[in-house]
Amino acid sequence: MKTYRIAMVPGDGIGKEVIPAGQRVLEALAAAESSFQFEFENFAWGGDYYRQHGEMMPANGLDALRAKDAILFGSAGDPHIPDHITLWGLRLKICQGLDQYANVRPTRILPGIDAPLKRCRAEDLNWVIVRENTEGEYSGAGGRVHQGLPIEVATDLSVMTHAGVERIQRFGFRLAQSRPRKLLTLVTKSNAQRHAMVMWDEIAAQVAREFPDVTWDKEMVDAATARMVNRPASLDTIVATNLHADILSDLAAALAGSLGIGPTANINPERVYPSMFEPIHGSAFDIMGKGLANPVGTFWSVVMMLEHLGQMDAARRVMQAIEHVTANPRLHTRDLGGTATTAEVTAAVCAEIGATAGKPLTTV
Ligand code: NAD
Ligand code: MN
């Protein structure tokens, strides 16, 4: 029997609630499967670790992760520690250190979810946002000079490398090619940012030649936000820089019903290093410890993890269980207008996985 070694990094806030829920779903799946099992190792990194050790994770922490088949991550962010310390000390350290350069964020309106756009049918909104995940606006280059003095100067330098841009755009085109519509929109801001973003556009035009069957267009990031709201069906695969995609994917999640639903995969496509899967939401300080966290974003991330591990049937089985549960408004958490708790939603998804074990998958 195949054993997958999974690192669990719950992090902070509701990460500590939704990641154990994700583990329960994987355990329910393993109980229903005979061909594979999971070996979990928990890494208690994050704000509490920082208070004890002065860093978010140990300096050699990446070594422990390298030995895993995949990582399930919750959230980094603590009400008492500055956000740039928690983000850079944990999540970015892992994504950049393990060269997970493709951040993939699918968005769909799941059954039973009341999404905010009035004229948008569920089939009109089926996007996947591809976010450059290792450089650009998040390169970390820059600094502060004359700190604390009236003449203080601060810079954040966006760094785009030809190799980095080319590999994320090729990943995006390949993904677009694998989807039924073969449609790609490149998000840019080359009217205002006249160096790196112009190179970004030029490289896209070159990469596009390798994919003659993919239809593609270009949209400025500001216009892209309006297009997502006004013409959602005109979009399918969206490729954008680190910062642009970060913002667009929160908008996408909100348009699909809730930030609590959206999943993410941080992929190292060459599979030299393990990839990392996480809900797109953060630590949600306002609801932590109350059992109100929607675990669906984590469960959908688990689906992406199973797909990455090549367990396509298992991935579809878990996705069907999730959709079975979202279709029932009594199993909606508060962010979706319901009263269900994290534990109730988790139990329902696990029960559905158990109930459908061994039965044929319904075709989607
Ligand atoms: P957030 O995603 O934590 O919360 C935004 C709003 O959405 C809150 O009202 C919250 O209650 C709600 N929400 C989020 N997830 C939910 C869920 N699963 N179920 C129900 N409601 C949910 O974003 P924020 O408030 O901007 O950030 C809080 C902290 O999290 C900050 O420290 C931030 O840096 C961090 N953060 C981390 C990540 C990450 O690690 N990937 C991502 C975003 C934010
Ligand atoms: Mn974000």
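In each ligand, atom 1 is the first atom listed, and ligand 1 is the first ligand listed. For reference, positions follow the sequence shown, starting with 1.
The option from D250, T298, D335, D83 that lies nearest to atom 34 (O) of ligand 1, judged by heavy atoms, is D83. If you check each of K290, H281, R91, H84 against atom 15 (N) of ligand 1, the one with the closest non-hydrogen atom is H281. The residue from C95, G74, P79, S283 that puts a heavy atom closest to atom 30 (O) of ligand 1 is S283.
A heavy-atom separation below 4.0 Å is found between A293 and ligand 1. Assignment of L87 to the shell around ligand 1 is not supported, since no heavy atom sits closer than 4.0 Å. The shell of residues lying under 4.0 angstrom from ligand 1, judged by heavy atoms, includes I14.
Clustering of Ile, Leu, Val, Met, Phe, Trp and Tyr side chains at separations under 4.5 Å places V159 together with L157.
Under a 3.5 Å cut-off, the side chain of N268 and the backbone N or O of Y273 do form a donor-acceptor pair.
The E278 neighbourhood of ligand 1 comprises atoms 41 (N), with distances under 4.0 Å to a heavy atom of that residue. Residue-ligand proximity, L259 to ligand 1, at heavy-atom distances under 4.0 Å covers atoms 2 (O), 5 (C), 7 (O).
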Please output the side-chain donor-acceptor pairs of residues 27-40 that fall under 3.5 Å, not counting sequence neighbours, one pair per line with the distance.
unit_1 : atom_1 : unit_2 : atom_2 : d
E27    : OE2    : Q23    : NE2    : 3.1
Q37    : NE2    : T3     : OG1    : 2.9

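A cation-pi arrangement is found for R131 relative to Y138, the charged atom lying closer than 6.0 Å to the ring centre and inside a 45° cone about the ring normal.
At under 3.5 Å, a nitrogen or oxygen of A284, whether backbone or side chain, sits near a nitrogen or oxygen of ligand 1.
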